[in-house]
S.K.: 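This is the structure, below, for whatever I ask next.
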Number of protein chains: 2
Amino acid sequence: MDNEAPSPLKVTMAAVAVEAGVSRATASRVFYGSTPVAEHTRQAVYAAAERLGYVPNTMARSLAARGSDILGLLVRAPDNPAYGLLFSELQANVSGAGLQMVTVAPSRNEGAHFERQALNRLLGLRVGGMFVATGVISAGMLEPFLDLVPVVVVGRPESHPDIHGVSYDEDHNADLLAHAVAAAGHRSAAVVVPEHSVSEHRRGAAMARGLTERGVRVHQVSSPTFGSQGEGGREIVALRRAGLITAAMFPSDFRLLAFLPLAQEAGLRVPEDLSLTGFDGILPGIDLLGFTTVRIPVEDAARRAVEVMRAQLEERTRPRHELLPGTLIRGRTLGPAPTLR
Amino acid sequence: MDNEAPSPLKVTMAAVAVEAGVSRATASRVFYGSTPVAEHTRQAVYAAAERLGYVPNTMARSLAARGSDILGLLVRAPDNPAYGLLFSELQANVSGAGLQMVTVAPSRNEGAHFERQALNRLLGLRVGGMFVATGVISAGMLEPFLDLVPVVVVGRPESHPDIHGVSYDEDHNADLLAHAVAAAGHRSAAVVVPEHSVSEHRRGAAMARGLTERGVRVHQVSSPTFGSQGEGGREIVALRRAGLITAAMFPSDFRLLAFLPLAQEAGLRVPEDLSLTGFDGILPGIDLLGFTTVRIPVEDAARRAVEVMRAQLEERTRPRHELLPGTLIRGRTLGPAPTLR
DNA sequence: ATGAAAGCGCTAACAC
DNA sequence: GTGTTAGCGCTTTCAT
């Protein structure tokens with residue numbers, strides 16, 4: 001009588017082969033092989049694997065195969081909903097393409113050093129391709145590996161000429177909002193342009209530009225550090241009270257959210273007294289607040305990134321940079337411009 | 001003259017050893033070895049590795065070592081901020097402990113089949129331990145591997161007697177809120193108890209119990225499917241109008257958020273006419289809305305989960321189940337009970 | 001269509 | 001303190 005089966009993780013392909021009465025080579029071919037295998041042999045091997053609870057050892061496999069088809073994702077901050085959604089969508093698309101993906105995150109949100117560690121974790125696993133969803137890693141850090149593993153940078157707007165990039169078209173998105181504000185009849189608006197966040201700064205600048213081009217007067221508010229939302233907010237309230245603006249544009253939904261209590265406190269009705277716009281459209285449940293904002297095309301970016309990756313896996317091509325437009329969300333925080341005073 | 005260095009990923013430890021003028025074994029010892037190595041040898045090896053851009057091959061390493069110290073995380077839905085934060089915190093704690101972690105997510109949010117695939121991805125990598133942050137995988141699916149790899153289930157309240165669990169104390173948290181509502185003088189409140197979400201149902205039931213124990217009359221509202229928030233909300237509005245309640249408790253901040261527009265539409269002031277409480281305290285920026293809610297202790301759970309994991313890595317001990325209390329967030333949506341009518 | 005055998009890059013005894 | 005050597009579990013020529 002047979003002994004009790006050992007723990008599944010200890011079952012090797014050799015054991016499966018024996019159980020199925022074939023050679024290790026044949027067993028291997030059944031699972032991933034390129035060469036054809038007789039149908040009944042195939043059945044036998046599958047049955048044996050099932051019986052033993054065989055879990056293929058990815059380590060051994062990719063070592064022997066000199067590489068794997070597992071893709072890696074380096075994600076900057078999983079606690080940021082925009083990245084969380086991107087992770088989720090990439091995973092879905094990768095699986096849809098019949099590929100696998102593992103994800104790593106740096107141990108801290110800031111610091112190239114930590115991102116490097118995470119990158120090495122992926123490289124150490126000899127992934128077959130990498131999605132990089134963080135702006136902190138410089139292209140230079142990626143460069144040495146480019147010829148061995150396809151890299152697709154996703155999300156961040158900027159990238160290296162040798163690296164494939166699929167990004168949100170922040171300028172276009174900002175313009176969508178600027179257009180909406182102008183079209184609602186506003187002739188003078190505040191735009192929050194943070195100094196310390198690269199992407200938010202870019203958004204703010206683009207919104208200001210879009211307004212100006214449309215003949216809307218812009219009052220630029222350089223919001224101070226992220227923590228103290230109060231400052232910029234109070235400036236906006238003062239501008240409204242002085243009758244200098246009828247709308248305020250924020251470079252993220254979060255900042256708009258932070259402003260709401262101030263507006264309420266100041267007795268300003270939205271949008272009757274003051275129209276407001278955000279940016280991102282990601283925060284779960286935020287739609288319920290009725291924000292007028294632009295939804296960054298996370299799903300599209302994920303889909304395209306995977307398509308680009310698949311193409312790279314087949315055959316390396318010249319790097320391309322794609323910019324994906326978002327969609328305007330017409331909420332209740334943007335209304336027609338009131339008559340001032 | 002030497003040829004140009006090959007791609008870093010092609011550099012093997014053998015190459016490093018040659019470059020440093022030592023044997024492969026010594027090089028190995030320098031990187032992870034248990035046996036001591038002469039200081040100047042050590043330097044030489046590090047220098048050689050640096051020069052060549054050596055990236056250790058994790059596959060080969062853990063194959064030879066029959067296992068790795070890389071931990072795996074199976075996370076249910078990275079696009080859910082609560083899971084995103086948990087991911088982030090686990091990563092920070094794992095790194096803090098000098099360990100590595102890779103994360104996998106199922107390709108779709110629902111379906112045991114997809115979670116199984118993700119689980120196998122982790123198992124295939126022969127991780128040294130696993131964090132499981134999903135309720136969908138049944139303990140039975142985990143059971144076959146328990147003796148080979150330590151498993152810590154984190155977040156979900158329920159778990160198997162053979163598996164370590166670190167969870168949020170939902171009952172306690174619900175009671176915190178019930179206490180706060182009762183203490184504010186409310187004598188009659190609505191409690192939303194969804195039928196289709198296990199954890200939300202549990203929360204709702206516990207809140208109702210807590211109120212009842214404190215002599216508060218409970219109007220249970222069985223919110224229908226998740227999509228149509230309207231239904232339950234309208235029932236609450238009606239209850240308030242009929243003068244039957246002065247407060248409403250929701251089993252998630254999201255549901256509370258969904259109710260806000262309805263309350264506004266109905267002309268109900270919060271909290272003057274109606275007090276509201278949520279549950280979770282996670283959604284970034286939600287604090288700005290002034291929700292009275294309970295913050296689930298994600299950071300504590302992550303920290304404890306890693307501590308438990310480390311203990312398991314050292315020596316397998318009897319499984320323990322921990323329940324972690326959250327903290328009450330006193331926001332502006334809970335006020336003193338108004339006189340009815 | 002299948003089997004035999006040679007590694008993949010590394011670690012872990014075991015010698016010296 | 002360092003080198004030698006035998007595998008880890010698997011894929012992949014090369015035969016048959």
Side-chain angles (χ1 to χ4, degrees), chain A residues 6-46 48-49 52-70 120 123-128 148, chain B residues 6-46 48-49 52-70 120 123-128 148:
Chain A
S7 169
L9 293 184
K10 288 252 175 272
V11 175
T12 75
M13 203 161 88
V16 174
V18 169
E19 172 87 10
V22 300
S23 72
R24 294 158 50 215
T26 298
S28 173
R29 284 190 269 259
V30 166
F31 291 117
Y32 306 97
S34 34
T35 16
V37 177
E39 187 51 31
H40 88 275
T41 312
R42 168 178 236 84
Q43 305 281 347
V45 171
Y46 278 134
L52 267 33
Y54 172 60
V55 180
N57 187 324
T58 307
M59 302 284 175
R61 177 168 149 66
S62 46
L63 182 58
R66 293 155 188 77
S68 78
D69 51 0
I70 297 184
N120 275 351
L123 258 11
L125 289 173
R126 294 300 190 270
V127 291
L148 258 303
Chain B
S7 170
L9 294 183
K10 288 255 175 269
V11 174
T12 75
M13 201 161 86
V16 173
V18 168
E19 171 86 10
V22 299
S23 72
R24 293 158 52 215
T26 299
S28 173
R29 282 189 271 258
V30 166
F31 291 118
Y32 307 95
S34 35
T35 18
V37 178
E39 186 52 29
H40 87 277
T41 311
R42 169 178 233 84
Q43 305 282 345
V45 172
Y46 277 135
L52 268 33
Y54 172 60
V55 180
N57 187 324
T58 307
M59 302 286 175
R61 177 168 149 65
S62 47
L63 181 59
R66 293 156 187 74
S68 79
D69 50 2
I70 296 184
N120 274 352
L123 257 12
L125 289 173
R126 294 299 191 268
V127 291
L148 259 302

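The basis for the numbers below is simple: all heavy atoms, side chains too, and nothing from hydrogens, waters or symmetry mates. Remember, it's a predicted structure, so these values are computed and weren't measured experimentally.
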S.K.: Could you check whether any side-chain heavy atom of B:Ser62 comes within less than 4.5 Å of a side-chain heavy atom of A:Met59, counting everything from C-beta outward?
M.R.: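 They are in contact (side-chain heavy atoms under 4.5 Å apart), so the answer is yes.
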S.K.: Using heavy atoms and a sub-4.0 Å distance, could you list which residues of residues 31-46 of chain A are near DNA chain D? By number, please.
M.R.: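 A:Tyr32 - these, ordered by number, are the residues of the stretch whose heavy atoms sit under 4.0 Å from the strand.
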S.K.: Considering every strand and a 4.0 Å limit on heavy-atom distances, what is the contact class for B:Ala25: base, sugar-phosphate, or nothing?
M.R.: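 Answer is base: heavy atoms of B:Ala25 come under 4.0 Å of a base.
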S.K.: For the residue pair A:Phe31 and A:Tyr46, does the interplanar ring angle fall in the parallel (under 30°), tilted (30 to 60°) or perpendicular (over 60°) class?
M.R.: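 Plane angle over 60°, so perpendicular.
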S.K.: If I take atom CZ in residue B:Arg61 and atom C1' in nucleotide C:dA12, what distance separates them, rounded to the nearest angstrom?
M.R.: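 Result: 12 Å.
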S.K.: Quick one: which residue pairs count as a side chain to side chain donor-acceptor pair (under 3.5 Å) with a foot in residues 27-43 of chain B, not counting sequence neighbours?
M.R.: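 Applying side chain to side chain donor-acceptor pair (under 3.5 Å) to every pair that reaches into residues 27-43 of chain B, excluding sequence neighbours, yields B:Glu39-B:Gln43.
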S.K.: Determine whether A:Arg126 and B:Val55 make a side-chain contact, defined as any pair of heavy atoms from C-beta on separated by less than 4.5 Å.
M.R.: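 Heavy-atom side-chain distance check passes, below 4.5 Å.
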S.K.: Please produce a list of atom pairs where a protein N or O lies less than 3.5 Å from an N or O of nucleotides 14-16 of chain C.
M.R.:
none

S.K.: To the nearest 10°, give me the bend of the helix from C:dA1-D:dT16 to C:dC16-D:dG1, comparing the axes of its five terminal pairs at either end.
M.R.: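 Here the local axes at opposite ends form an angle of 30°.
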S.K.: Within this structure, what is the CZ-to-P distance between B:Arg24 and C:dG9, rounded to whole angstrom?
M.R.: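 Result: 10 Å.
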S.K.: Can you tell me the distance, in whole Å, between the CG atom of B:Asn57 and the P atom of C:dC8?
M.R.: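 Between P of C:dC8 and CG of B:Asn57: 12 Å.
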S.K.: When the nearest nucleotide of DNA chain C is assigned to A:Ala27 and to B:Thr58 on a heavy-atom basis, which residue is associated with the more 5' position?
M.R.: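 The residue mapped nearer the 5' terminus is A:Ala27.
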S.K.: Think A:Thr26 has a side-chain N or O under 4.0 angstrom from the OP1 or OP2 of C:dG3?
M.R.: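 Checking A:Thr26 against C:dG3: at least one side-chain N or O falls below 4.0 Å of OP1 or OP2.
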S.K.: Contact between A:Thr58 and A:Ile70 at the side-chain level, heavy atoms closer than 4.5 Å - yes or no?
M.R.: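 SC-SC contact between A:Thr58 and A:Ile70 confirmed.
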S.K.: For C:dT11, does OP1 or OP2 lie under 4.0 Å from any side-chain N or O of B:Ser28?
M.R.: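 Checking B:Ser28 against C:dT11: at least one side-chain N or O falls below 4.0 Å of OP1 or OP2.
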S.K.: Taking any atom under 4.0 angstrom from a heavy atom of chain A, which nucleotides of DNA chain D are the first and last to qualify, 5' to 3'?
M.R.: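 Nucleotide range with atoms under 4.0 Å of chain A: D:dG9 to D:dT12.
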S.K.: Counting distance only, does the side-chain N/O of A:Ser23 pair as donor-acceptor with the main-chain N or O of A:Thr26 below 3.5 Å?
M.R.: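 It does hold such a pair.
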S.K.: What is the distance, rounded to the nearest whole Å, between atom CG of A:Leu63 and atom P of C:dT11?
M.R.: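 My rounded result for the distance is 12 Å.
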S.K.: Rounded to whole Å, how long is the line connecting atom CZ of A:Arg66 with atom P of C:dC10?
M.R.: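 So the two atoms are 13 Å apart, to the nearest Å.
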S.K.: Shortest non-hydrogen contact from A:Ala48 to A:Val16?
M.R.: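 It is CB-O, 3.7 Å.
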S.K.: Mind checking what makes side chain to side chain contact (heavy atoms under 4.5 Å, CB included) contact with A:Ala17, not counting sequence neighbours?
M.R.: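 Scan of A:Ala17 (side chain to side chain contact (heavy atoms under 4.5 Å, CB included), adjacent residues dropped) gives A:Val22, A:Arg24, A:Ala27.
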S.K.: Which atom pair, heavy atoms only, marks the closest approach of B:Leu63 to A:Asn57?
M.R.: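 Looks like CD1-ND2, 4.2 Å.
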